Amino acid sequence: MAPSGPGGVRRRCRRVLYWIPVVFISLLLGWSYYAYAVQLCIVSMENIGEQVVCLMAYHLLFAMFVWSYWKTIFTLPMNPSKEFHLSYAEKELLEREPRGEAHQEVLRRAARDLPIYTRTMSGAIRYCDRCQLIKPDRCHHCSVCDKCVLKMDHHCPWVNNCVGFSNYKFFLLFLAYSLLYCLFIAATDLQYFIRFWTNGLPDTQAKFHIMFLFFAAAMFSVSLSSLFGYHCWLVSKNKSTLEAFRSPVFRHGTDKNGFSLGFSKNMRQVFGDEKKYWLLPIFSSLGDGCSFPTCLVNQDAEQPPTPAGLNSTAKNPENHQFPAKLLRESQSHLLTDSQSWTESGSNSGKGKAGMSNPALTMENET
């Protein structure tokens with residue numbers, strides 16, 4: 001293989017540097033295991049019953065922490081499916097024609113049958129120049145990974161990975177178990193920390209480990225509790241971090257609650273229908289990441305009329321109006337708890353899903 005040149009060397013160096021936060025967390029976790037299991041439980045604790053209980057509870061939290069952290073790191077972000085990529089002929093048209101109506105027409109034709117509702121701030125179809133695809137709803141291009149990621153939340157340096165549709169549940173569990181891990185260590189270490197601090201126990205090697213372990217656990221508990229609480233709020237509102245900072249834009253305009261279906265359905269969209277999997281880092285999220293049920297506060301003028309009987313539920317926050325749009329089977333069943341769509345209504349919505357404003361302009365968004 002030919003040498004990649006200075007640019008390739010720099011990219012490889014950056015990849016190595018990106019793993020530094022993960023290595024730091026791994027080393028800190030390894031030291032905390034030694035400090036707690038060996039120096040605190042085995043060396044410092046005198047009561048056998050207390051040792052057994054603490055070690056059993058600690059190893060359970062440690063295992064769930066490591067499992068969810070591993071899944072968050074090594075679960076690859078999902079990318080848009082082939083139907084969102086432009087064909088070879090469409091790519092040639094975009095490259096050959098000057099930007100203008102020709103570009104708009106190519107994108108309108110390509111997006112005609114795609115389940116997309118969001119637009120750019122100027123009202124254009126969301127198109128990625130680097131990946132040469134039409135972005136699905138809630139999809140964004142990650143500059144670090146250099147790819148479009150489905151339902152991208154953010155790129156997290158502590159896991160060296162993009163947090164998105166494929167691993168957002170794992171990321172939430174990672175935050176939850178790491179918080180429980182730190183709180184458990186701080187709670188069980190507190191009495192020994194006080195006794196060492198007041199010279200109630202002999203000055204041994206364990207003193208340093210127990211004192212520093214308490215400080216580290218308490219410090220991380222504060223930061224993790226705020227971060228975990230913030231993401232719990234995002235899940236309850238069906239928002240990503242990116243959408244919390246910049247609300248999604250639909251054809252009718254900006255709508256910060258456009259994807260919210262009510263607390264229960266928002267939770268199920270991330271954790272799935274089977275509650276037995278909620279606390280396990282096993283993928284159980286609903287849908288395919290390319291299409292999502294929407295809940296438009298202001299009905300889109302370009303969309304078909306709302307099916308009969310749906311207006312009576314508009315005031316109920318758990319039963320918003322849903323536009324006629326293409327939904328994958330695993331997503332559309334979220335809407336059938338109170339109202340179901342007729343097949344003819346969904347077919348008519350499909351024909352209009354890709355129609356766009358004649359004044360539409362293309363805007364590249366990363």
Side-chain angles (χ1 to χ4, degrees), residues 9-45 51 54-77 142 144-145 153-164 166-193 196-197 201 203-231 279-281:
V9 174
R10 285 195 294 268
R11 282 194 296 272
R12 283 194 294 269
C13 291
R14 282 199 297 269
R15 291 195 192 101
V16 173
L17 293 176
Y18 289 153
W19 283 102
I20 291 179
V22 176
V23 172
F24 171 75
I25 293 295
S26 301
L27 293 175
L28 187 62
L29 187 61
W31 167 80
S32 70
Y33 182 90
Y34 169 77
Y36 188 89
V38 178
Q39 295 294 335
L40 178 60
C41 292
I42 297 178
V43 175
S44 301
M45 289 184 181
Q51 284 183 342
C54 288
L55 284 173
M56 289 180 62
Y58 172 79
H59 279 91
L60 176 62
L61 291 175
F62 181 82
M64 298 305 296
F65 180 9
V66 172
W67 187 10
S68 57
Y69 189 46
W70 177 277
K71 294 284 286 186
T72 307
I73 295 173
F74 294 105
T75 299
L76 295 177
C142 176
V144 179
C145 299
D153 188 88
H154 68 288
H155 186 93
C156 181
W158 297 107
V159 300
N160 190 29
N161 198 4
C162 257
V163 177
S166 62
N167 63 349
Y168 187 61
K169 176 191 172 184
F170 306 150
F171 178 73
L172 285 174
L173 293 179
F174 158 62
L175 293 180
Y177 287 123
S178 59
L179 176 59
L180 290 176
Y181 180 80
C182 292
L183 289 175
F184 176 79
I185 289 178
T188 54
D189 186 29
L190 178 59
Q191 60 172 317
Y192 295 93
F193 169 79
F196 276 124
W197 191 261
L201 290 176
D203 192 5
T204 61
Q205 181 185 3
K207 182 175 182 178
F208 164 78
H209 292 286
I210 292 175
M211 292 180 65
F212 188 73
L213 184 65
F214 177 81
F215 280 123
M219 178 184 66
F220 279 104
S221 296
V222 174
S223 58
L224 285 170
S225 60
S226 59
L227 184 59
F228 179 63
Y230 175 68
H231 278 277
L279 300 181
L280 299 176

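Here the structure is a predicted model, which means the values were calculated and not measured.
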Open item on the list: Could you report the tightest heavy-atom contact between Gln39 and Val43, atom names first, then the distance?
Closed with: O-CB, 3.4 Å
Open item on the list: Does either side chain, that of Tyr34 or that of His209, offer a donor lying less than 3.5 Å from an acceptor on the other one?
Closed with: no
Task: Nearest heavy atoms of Lys169 and Leu280, plus distance in Å - done: NZ-O, 3.1 Å
Task: Leu224 to Cys182 - nearest heavy-atom pair and separation - done: CD1-SG, 4.1 Å
Task: Heavy-atom check, side chain of Leu213 versus side chain of Ser32, under 4.5 Å - done: yes
- [ ] Any chance you could measure Tyr36, atom OH, to Tyr58, atom OH, to the nearest 0.5 Å?
- [x] 8.0 Å
TODO: Quick one: pull up CZ in Phe214 and CZ in Phe196 and give me the separation to the nearest 0.5 Å.
DONE: 14.0 Å
- [ ] Would you mind reporting whether Leu29 and Phe62 have side-chain heavy atoms less than 4.5 Å apart?
- [x] yes
Open item on the list: Would you compute the distance between atom CD1 of Ile210 and atom OG of Ser44 and round it to the nearest 0.5 angstrom?
Closed with: 3.5 Å
- [ ] Return the minimal non-hydrogen interatomic distance between Met45 and Gln51, and the atom names on each side.
- [x] O-NE2, 2.8 Å
Open item on the list: Would you compute the distance between atom CD1 of Ile185 and atom SG of Cys54 and round it to the nearest 0.5 angstrom?
Closed with: 11.0 Å
- [ ] Indicate yes or no: at least one non-hydrogen side-chain atom of Asn167 is less than 4.5 angstrom from one of Phe74.
- [x] no
Task: Any donor-acceptor N or O pair under 3.5 Å, side chains Ser26, Tyr69 - done: no
- [ ] Using the side chain to side chain contact (heavy atoms under 4.5 Å, CB included) rule, take Phe170 and Trp70 through it: C-alpha gap first, then chi angles, then the decisive distance, then the call.
- [x] CA-CA 9 Å; Phe170 306 150; Trp70 177 277; over 6 Å; no
Task: Inter-residue atom distance Asn160.CG - Thr72.OG1, 0.5 Å rounding - done: 12.5 Å
Task: Spacing of CG belonging to Leu227 relative to CZ belonging to Phe174, to within rounding of 0.5 Å - done: 8.5 Å
